[in-house]
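Data block below; observations after.
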Amino acid sequence: MENKQKTIQKSVSISGVGLHTGARVNITFQPAAENHGYKFQRVDLKDKPIINADVDYVIGTERGTTLAKDGVEIGTVEHILAAVAGLEIDNILIELDAKEIPIMDGSSGPFVKALLDAGIKKQSAEKEYFEITSNIHYSEKDSNVEMIAMPLDGFRLTCMIDFKNPIIGSQHASISKLSEFPREIASNRTFCLFTDIEELHNKNLIKGGDVNNAIVVVDKKVTDAELENMSVLFNKDVKDFQVGEDGILNNVKLRYQNEPARHKLLDLIGDLALVGVPLKAQIMAARPGHSANIEFAKKIKKTIKNTIKQKKNQAPVIDINKKAVYNITEIEKILPHRHPFLLVDRILELDEKNIIGIKNVTHDEYFFRGHFPDNPIMPGVLQIEALAQCGGVLVLNNVPDPENYSTYFLKIDKARFKGMVTPGDTLILKLVLTAPVRRGVCMMKAQGFVGNKIVVEAELMAQIVKTK
């Protein structure tokens, strides 16, 4: 699988009509920076609002997936997202001048062609996958929907559909890797049953529908009056409509024998792109639809959030035999603190945003003599101080002359003490910058661990000030 993020080399535009609105719409794909993700922008509206391609913004799933934020809607996003995700693009801005993505020929093919014409380029940043480590299951008893994501070091997707209509019947489609998408899946068109058309039209949908952008499966004996009504609905001559020998309106030729199943797989890829991160998983879906796809995507995203939260609260794995980034002597060259108030012994890991240090808590610490001498416990305020000093090393590491600066507390928020620190413990200090340092002010998420257990956490605000 790809290990570098991708965007497109240049902007490219494409036009069409919306399936449900029937409105003309122009789309422009724009290259985007690393870690930008997928975003839509309504360039026809004041302030040109942007909506992230995020499952949390889904407001509708009837015959397509609709996003909305602050009253701004973007409809039928699944085919264009399938194209972007299927080409393993990570960062792109999709501009449009109407409220619905154009239906084109009912597939992702035209979008894939446009993106390939623009060219795809690798970026410097690493691609971050979410790897499914245990089964994630979703089901709907009433509609017999079954969906499951299973562990796999790769990406594999299988989709099965089951219609009573004999023309469709039971079908399945699969890909064993996303690189198969452009060739095997992208060109497969959406489909609907003849009996659904009038109902959809009565709901003010499919105004842009046409036999040229959908496969219409005739699931009943059609009368001349019904064909006449069809011509009125779509403002066409009745001669333009006829039932083919294969039971498909206007005898439209299938691109694949299992084109309906392949299109359902296409829809699933597009809807799962709303999770917001590429997956490493084997996914199997029986009888999926947009509503089920979105609920499944929400369940996956919830799993991702919980996993990230757990990782944030996991103790760092430290190797005490590993050479320290800074030992105690080197720390004293950065921090102005000295014994008995220097509370960091070693720095084990350090980069621009993260630091891991340790404080070896010994029985002869001065504070144990007065702080519960019969039951010695490191005071919570000193645990916070140790974290702050470690954070001081983090922020002072970015100035050329740290010995000329001091770090001062401005604020402590959400401090929690979750375990005791006693003689013999190694207090592991972990801090992460949560915002860029501005005017010497830094915000940090601070956590302290003993073994695998978190014992203290807080949000710290400090300021570095030049003292010499």
Side-chain angles (χ1 to χ4, degrees), residues 1-14 27-40 52-55 65 67 77-95 101 104 107-132 136 149-159 173-188 262-285 288 293 296-297 300-301 304:
M1 299 181 75
E2 292 290 340
N3 57 11
K4 293 291 185 180
Q5 293 183 23
K6 293 179 180 178
T7 188
I8 54 176
Q9 292 183 357
K10 61 182 181 180
S11 62
V12 64
S13 299
I14 192 169
I27 295 283
T28 299
F29 295 103
Q30 298 282 9
E34 295 169 352
N35 302 311
H36 177 276
Y38 305 155
K39 299 179 190 294
F40 294 96
N52 290 350
D54 191 315
V55 69
T65 301
L67 306 177
V77 300
E78 62 276 7
H79 296 172
I80 204 166
L81 287 177
V84 174
L87 290 173
E88 299 181 81
I89 294 169
D90 303 280
N91 305 301
I92 199 163
L93 177 65
I94 304 169
E95 299 176 348
I101 301 298
M104 309 310 289
S107 76
S108 291
F111 301 127
V112 166
K113 183 180 184 304
L115 291 165
L116 291 176
D117 287 346
I120 298 172
K121 70 174 183 179
K122 288 186 178 181
Q123 298 173 288
S124 298
E126 293 292 319
K127 194 182 188 91
E128 294 186 10
Y129 294 90
F130 178 73
E131 188 170 352
I132 302 293
I136 302 173
M150 298 173 287
L152 181 73
D153 185 18
F155 185 80
R156 187 178 301 148
L157 184 56
T158 300
C159 179
S174 63
I175 56 173
S176 59
K177 51 190 174 183
L178 270 178
S179 60
E180 297 174 4
F181 176 87
R183 182 182 70 254
E184 300 292 337
I185 304 300
S187 66
N188 292 274
R262 291 181 185 230
H263 184 80
K264 285 288 188 178
L265 190 148
L266 182 157
D267 281 344
L268 183 56
I269 289 173
D271 286 334
L272 289 182
L274 294 167
V275 169
V277 62
L279 303 174
K280 285 188 177 182
Q282 176 171 343
I283 296 172
M284 303 183 73
N293 294 348
F296 187 45
I300 293 173
K301 184 174 180 181
I304 293 172

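All of these numbers come straight from a predicted model, not from anything done at the bench.
E78 is not listed as a side-chain neighbour of N293, based on a closest heavy-atom distance of 4.5 Å or more. The side-chain heavy atoms of D271 and F296, taken from C-beta on, include no pair separated by under 4.5 Å. In this structure, the side chains of I101 and F40 come closer than 4.5 Å at one or more pairs of heavy atoms. Looking at heavy atoms from C-beta onward, I27 lies in side-chain contact with I94 at the 4.5 angstrom threshold.
K39 is linked by a salt bridge (Lys or Arg N to Asp or Glu O under 4.0 Å) to nothing, counting only residues two or more places apart in sequence or in another chain. In this view, D153 and K280 satisfy the side chain to side chain donor-acceptor pair (under 3.5 Å) rule, not counting sequence neighbours. For A82, the side-chain contact (heavy atoms from CB on, under 4.5 Å) partners two or more places apart in sequence, or in a different chain, are S108, F181, L266, I269. By the salt bridge (Lys or Arg N to Asp or Glu O under 4.0 Å) test, E184 pairs with R262, sequence neighbours left out. With sequence neighbours left out, the salt bridge (Lys or Arg N to Asp or Glu O under 4.0 Å) criterion links D267 to no other residue. Among residues two or more places apart in sequence or in another chain, the side-chain contact (heavy atoms from CB on, under 4.5 Å) test is passed with S13 by T28. A273 meets the side-chain contact (heavy atoms from CB on, under 4.5 Å) test with Y38, L81, A85; sequence neighbours excluded. Among residues two or more places apart in sequence or in another chain, the side chain to side chain donor-acceptor pair (under 3.5 Å) test is passed with Q9 by none.
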| request: Report the C-alpha distance between H36 and T7 in whole Å, list the side-chain angles of each, state the deciding distance to 0.1 Å, and finish with yes or no for side-chain contact (heavy atoms from CB on, under 4.5 Å). | output: CA-CA 10 Å; H36 177 276; T7 188; over 6 Å; no
| request: I would like to know whether M150 and M284 meet side-chain contact (heavy atoms from CB on, under 4.5 Å); could you show each step before the answer? | output: CA-CA 8 Å; M150 298 173 287; M284 303 183 73; 3.6 Å; yes
| query | Where do Q5 and N35 land on the side-chain contact (heavy atoms from CB on, under 4.5 Å) test, with the steps shown first? | reply | CA-CA 8 Å; Q5 293 183 23; N35 302 311; 2.8 Å; yes
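Note on residues 27-36: no pairs pass salt bridge (charged side-chain N to carboxylate O under 4.0 Å, His left out), not counting sequence neighbours. Residue pairs meeting the side chain to side chain donor-acceptor pair (under 3.5 Å) criterion with at least one partner in residues 81-90, sequence neighbours excluded, are D90-K127. Screening residues 3-13 for salt bridge (charged side-chain N to carboxylate O under 4.0 Å, His left out) gives E2-K6, K4-E126 as the qualifying pairs, with residues at least two apart or on separate chains.
Rounded to the nearest 0.5 angstrom, I80 CD1 and I92 CD1 are separated by 8.0 Å. Separation of atoms CD (E180) and CZ (F155) is listed at 11.0 Å; rounding is to 0.5 Å. If you take CG on L178 and CD1 on I185, they are separated by 10.5 Å, rounding to the nearest 0.5 Å. M104 contributes atom CE, which lies 5.5 Å from atom CZ of F111 (distance to the nearest 0.5 angstrom).
Counting all heavy atoms, side chain and backbone alike, A186 lies closest to P182 at CB-O, 3.7 Å. What you find for L272 and I283 is that their closest heavy atoms are CD1-CD1, 3.6 Å.
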Which side-chain N or O atoms in residues 113-122 pair as donor and acceptor under 3.5 Å with protein atoms at least two apart or in another chain?
| residue | atom | partner | partner atom | Å |
| --- | --- | --- | --- | --- |
| K113 | NZ | D117 | OD2 | 3.0 |

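Side chain of T158 to main chain of S174: no donor-acceptor pair is present (N/O by atom type, distance under 3.5 Å, no hydrogens or angles).
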